[in-house]
Structures are given as structure tokens and as C-alpha cells.
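On a predicted model such as this, the values are computed, not experimentally measured, just so you know.
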Amino acid sequence: MSLKLYNTRTRQLEEFRPLREGRVDIYVCGLTPSAEAHIGHARSFLFFDVLRRYLRHLGFDARYVQNVTDIDDRSIARARETGEDWYDIVSGYYASFKESMRRLDVEEPDVEPYATKFIVQIVEMIGELLEREIAYVSEDGVYYDVSKFSRYGALAHRKIDELEAGARIEVDEHKDDPLDFALWKFAKPGEPSWESPWGAGRPGWHIECSAMTRTVIGPDTFDMHGGGADLVFPHHENEIAQSEPLMPHPPMANFWVHGGVLLSDGKKMSKSLGNFEPLSELLDRHDPQAVRLLFLQTGYRKVMSMSEESLDAAAVSLERLKAAWRKLHPHSSAGALKRSVLLEQIEAALNNDMNTAGALAELHRFAANVDAIPEDSRSDAFREFSYALEMLGMPPRSSWLEVPKVELAADFLERLQRELSGEISFNGASPHDAIERIIAERNLARMQKDWSRSDRLRDALARCGVTLKDGKDGTTWTVDA
RNA sequence: GGCGACGUAGCCAAGUGGUAAGGCAGAGCUCUGCAAAAGCUCGAUUCCCCAGUUCGAAUCUGGGCGUCGCCUCCA
């Protein structure tokens with residue numbers, strides 16, 4: 001039993017085998033920080049985070065490279081509009097993205113190459129393409145000549161004439177063919193630029209990834225290249241077109257792995273449509289672990305839509321896992337990980353093209369049966385459950401031990417006092433003490449079977465947003481959301 | 001217009017030839033003075049529609065209908 005992954009290159013589910021024993025090199029196209037990151041980006045990087053964690057679990061030494069395209073037309077245009085420095089814009093958005101990734105427990109890439117740090121290698125690569133006459137210098141830049149690469153369109157499973165029939169390709173007088181794309185764009189006055197043999201300018205989109213994979217990972221075929229499904233064409237197709245003619249032994253990457261896009265109101269979330277809320281703000285409103293859980297529930301390749309309701313449902317679902325973990329927690333003790341059906345079933349699910357929804361189902365099945373676990377195997381169960389959660393990127397936190405509480409409103413005491421109309425006074429007491437005081441009074445009333453007083457006290461608290469729960473170990477309270 | 005994906009209970013979603021995982025919501029029960037919380041139990045004779053292949057199909061084939069993506073910057 002081993003990992004099978006869908007390979008966009010061959011359009012098939014294939015058994016994953018690393019090119020070098022025990023080692024996996026993954027390159028994932030990162031962000032172009034010309035706008036605020038959104039939850040669709042999070043879905044993609046969350047998936048690759050789980051893939052990476054799983055590869056490591058399988059015993060591979062996984063090296064994860066995720067680039068930053070820190071130069072592009074949009075950020076330059078934005079700088080012109082706002083008067084800001086273009087790089088301040090880029091680094092601002094990127095910092096915000098990184099912070100969101102941290103909150104989502106997405107692990108840091110092992111290598112994080114910035115496009116602007118690889119200008120030398122980019123220029124060198126363009127030079128090689130020109131030498132081989134696969135590229136040409138035009139009036140406003142250097143272009144890639146698509147007609148020179150016979151496999152062009154292979155990744156996207158598209159033929160050149162089909163692409164040309166597309167109604168939305170703009171004719172550009174600087175290109176020989178509408179499908180040709182820019183490798184280097186000559187700078188207009190005021191635009192950021194770097195020197196090159198053909199004139200000062202900046203790299204086109206696509207070329208940075210070709211240059212960086214070649215430099216950072218190596219000139220030969222590497223194991224996996226990933227990104228969102230919307231990158232298949234033209235971005236990844238163009239990367240292949242740039243890289244493979246210069247390689248002695250193509251293909252550029254063995255596996256091409258693409259994650260499905262996220263829909264918002266039935267339309268793909270995208271920078272140009274602006275149909276999204278910044279990721280950082282969404283994470284203020286929703287538990288990042290619940291966000292991860294929600295994405296784990298859906299196959300990574302499926303087009304998926306998301307709603308506030310689904311996010312809330314995921315939070316409740318996460319609570320179940322937390323509760324199971326909490327029950328096991330007192331039985332923790334150091335020791336080796338002992339495998340049982342839980343891990344076996346999770347592996348079986350993940351081996352099937354990273355079926356995280358199936359893996360999650362196993363976690364829930366386990367959680368539902370936690371009470372039945374015999375005392376002497378609880379420590380093992382605890383370690384295995386924790387390990388599985390961690391493997392999916394949902395590391396148990398110390399906060400899981402606490403029942404969730406929300407802050408009391410600022411005027412809580414005043415409202416409470418009013419609700420009780422002087423029945424009990426607690427001048428100077430903290431809100432917490434006041435609640436405890438009422439609970440004590442109520443329990444006294446309950447002992448005396450004074451139900452009307454008991455209920456009156458409970459209702460007063462309820463109107464102030466505090467719910468009481470009578471457990472067998474006494475009364476606890478929670479603050480309503 | 002071309003290429004592709006998807007359509008499973010109220011909602012989200014797994015399952016890719018052997019008789020429908022899981023989550024949310026809902027219902028019932030237990031517990032409780034009553035609640036809340038918690039625990040237990042239950043849910044599609046059926047997988048968009050229509051034909052076909054097969055002993056057997058949600059799963060394969062053909063045809064419809066619908067939704068979405070890509071063909072343009074995008075994870």
C-alpha cells in the first residue's frame with residue numbers, strides 16, 4: 001500500500017515514487033503579493049501543507065520550496081495609484097499572508113526564493129532561450145516563441161489551435177503570435193527595473209519559477225510541482241515551455257499536483273473580481289483550525305464553495321475532536337507511538353489521492369468510541385490520536401483543555417444587577433465572583449426546592465448572556481457567543 | 001465557440017463494479033425539579049434524468065439537463 005496521487009501531467013492516478021531514494025523535492029507556486037491574500041489561497045497552501053506532513057510521515061525527507069513572485073504589473077500599477085513604494089506594497093501583503101499561514105499552522109517552507117533575488121539567473125535563462133532561438137526580442141520586451149516548442153499545451157491538454165480559437169486572447173502588435181508570452185518586459189519611466197543585455201526591465205510572470213526551480217532544486221527533473229488548478233494554464237504550461245528545452249532529460253517535474261479552486265457566491269475567488277474578504281480578517285472571525293478542518297472535509301481537487309454556515313459547522317465538528325482529545329488527555333504519558341487501526345485507516349485514506357475527508361471520518365469514528373477504550377490502552381490511544389491530528393496539521397493545543405469561553409460584556413455587572421432588581425447585591429465583586437455567588441444562591445434554593453427562585457436566578461444570568469450547566473460535579477457556566 | 005470537471009439525504013461530503021463513510025442540522029431516549037450540557041440511538045431501498053453493458057452500477061458506455069472551472073491577471 002503506497003501513496004497514489006493524481007498527476008495532471010499524465011491525467012492519471014499514479015503511485016508516487018521519489019526520483020531519489022527516501023527524498024522528495026516539492027516546488028509549489030507561492031503568492032504574488034499584489035493584493036490581500038484570500039481564503040482560496042489558504043485552501044491551496046493548507047493542502048500542500050498536509051501533503052508535505054504526510055510525505056514526512058511516510059518517511060520521506062521532504063524538501064518543500066515555495067516561491068514568492070515579488071514583482072509584477074499589478075503591484076507597480078497599485079504603487080502608481082497610491083503613491084506608495086511598490087515594494088512596500090508587496091512586502092506588506094506578503095507579511096500579512098505569512099502571518100495568516102502561521103495562524104493556520106502551515107509550516108514554513110524549507111526554501112522560500114524571492115523572484116527579485118534571482119534576476120541574474122532569470123536573465124541567464126532568457127539568454128539561453130534566445131541563443132536557441134526559442135525567444136525573440138521585440139520592441140517592448142523579450143518574448144517566448146510558442147511555435148518553437150512542440151509539446152506546448154501538453155500539460156493543459158490543449159492544442160495550439162484550440163488555444164488560438166479562444167475568444168479572449170488579445171492580439172498584441174509586439175508579439176509574433178498571440179500565444180507568445182513575455183520573458184522580460186522593458187521598463188517604462190518610473191518603473192522598477194534591472195539591467196539586462198536587451199535593456200533595463202523586469203521579468204515576465206512564469207520565468208521566475210523556471211529559473212528558481214533550476215537554481216534551487218537543480219537542473220534535472222524534480223519530484224513534484226504544485227499549485228492551484230488555475231495555474232495549469234498558462235503559468236505551468238509556460239514554465240515547462242521555458243525549462244524543458246534547456247534540459248537534457250525532461251520533464252521538468254515528475255508529478256504535477258493541482259488543487260481545486262474555491263468559489264465565492266458561485267464564482268471563483270480571484271484578485272480581479274475582488275469577491276473575497278482578506279484572509280487575515282476571516283481568521284479573526286473563525287478559528288483557524290476550524291478553517292483547516294473544513295478544507296480537510298472536501299477532496300483537494302474538487303471545486304468547492306464555502307459559506308459562513310459551513311465554517312460554523314466545521315467549528316462544531318472540531319469541538320467533537322477536541323472533546324475526545326480532552327477525555328484522553330489525563331492518560332498521557334511519554335512513550336513510543338503505537339500504531340493501531342486508527343493510523344492504518346488514515347493512511348489507507350490518504351494513500352488514495354490524499355482523501356483527507358476519509359481520514360477525518362476515521363478521526364471522528366475514533367472520537368465517537370473514545371469512552372469504550374479500556375483504561376490500559378488509553379495512553380497509547382492518546383498518543384496515536386494526537387499524532388494523527390498533528391499529521392493533518394491540527395496540532396492539539398493547551399487551549400483544547402479549556403471549554404471555550406467568550407468575554408463578558410463590559411456592562412455585564414450593571415445589567416445583572418438590574419435583572420436581579422436588588423435581590424442579591426455584590427458591590428465590588430468581579431463579574432466572575434458575582435456569577436459564582438449567584439450559582440451558590442441558586443444551589444441553595446434548589447436544595448430547598450425553591451424552584452421559582454432557582455429559575456429566576458438562572459434566567460437573570462441567561463438574559464445577561466451566561467448559561468448555567470448542572471453537571472454531577474457541580475454547576476459550571478459558559479458565556480454565550 | 002473550444003477544452004475539462006462535477007451533479008450522492010435539509011446542508012457539506014466520502015465512496016470509482018458487489019449492494020450507500022463521516023460532519024452539520026433534525027428526531028427519539030437517558031440524565032435532570034425543569035432546562036442547558038453530555039451520553040446513547042435513528043436517517044438515502046437509493047446516488048440529476050433516460051437508455052444500454054453486466055449475474056450485479058452511484059460506480060462502466062451513450063444521450064440529455066444543470067452547475068462550475070480553464071481558454072485573460074489569478075492558489
[X] near the nucleic acid: base, sugar-phosphate alone, or nothing, with a heavy-atom cut-off under 4.0 Å?
X        : result
A:His38  : base
A:Leu263 : sugar-phosphate
A:Val303 : sugar-phosphate
A:Gly226 : nothing
A:Ser317 : sugar-phosphate
A:Leu262 : base
A:Asp230 : base
A:Arg446 : base
A:Ala361 : base
A:Met269 : base

- Message: Between A:Lys268 and B:C70, is there a contact of a side-chain N or O with OP1 or OP2 at under 4.0 Å?
- Response: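 For A:Lys268, the contact criterion (side-chain N or O under 4.0 Å from OP1 or OP2 of B:C70) is met.
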- Item | Distance test, side-chain N/O of A:Arg301 to OP1/OP2 of B:C6, below 4.0 Å |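 Indeed not, no polar side-chain atom of A:Arg301 lies that close.
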What I want to check is whether an N or O donor and acceptor connect the side chain of [X] with the base of [N] at under 3.5 Å.
X        : N     : value
A:Arg158 : B:C71 : no
A:Arg458 : B:A35 : yes
A:Ser454 : B:G33 : yes
A:Asp455 : B:G33 : yes

- Flag side-chain contact, heavy atom, 4.5 Å: A:His225 against A:Ile26: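 A:His225 does not reach A:Ile26 side chain to side chain.
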- Heavy-atom side-chain contact between A:Tyr144 and A:Asp180 under 4.5 Å: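 Not touching, per the 4.5 Å side-chain cut-off.
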- Sole candidate of A:Trp400, A:Phe366, A:Phe385 that passes ring pair (Phe, Tyr, Trp, His ring centres under 6.0 Å) when paired with A:Trp325: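 In the set A:Trp400, A:Phe366, A:Phe385, the residue that makes a ring pair (Phe, Tyr, Trp, His ring centres under 6.0 Å) with A:Trp325 is A:Trp400.
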- Query: Looking only at atom P, what distance separates B:A36 and B:C29, rounded to whole Å?
  - Reply: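 Pairwise P distance, B:A36 against B:C29, rounds to 13 Å.
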- Message: How many whole angstroms separate atom CG of A:Leu461 from atom P of B:C34?
- Response: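 A:Leu461 atom CG is separated from B:C34 atom P by 21 Å.
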- Compare the ring of A:Trp451 with the six-membered ring in the base of B:G33 and state whether they stack (centres under 5.5 Å, planes under 30°).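 Taking the rule of under 5.5 Å and under 30°, the ring of A:Trp451 does stack on B:G33.
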- Task: Tell me, yes or no, whether the heavy-atom count around A:Arg456 atom CZ, taken from other residues, nucleotides or ligands under 6.0 Å, exceeds 12.
- Result: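 Check passes, neighbour count above 12.
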- Distance only, no hydrogens: is a donor on one side chain within 3.5 Å (strictly under) of an acceptor on the other, for A:Glu36 and A:Ser96?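 The criterion, which ignores hydrogens and geometry beyond distance, is satisfied for A:Ser96 and A:Glu36.
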- Task: Take A:Tyr300 and A:Val316, find for each the nucleotide of RNA chain B with the closest heavy atom, and name the residue whose nucleotide sits nearer the 5' end.
- Result: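 With A:Tyr300 and A:Val316 compared, the 5'-side residue is A:Tyr300.
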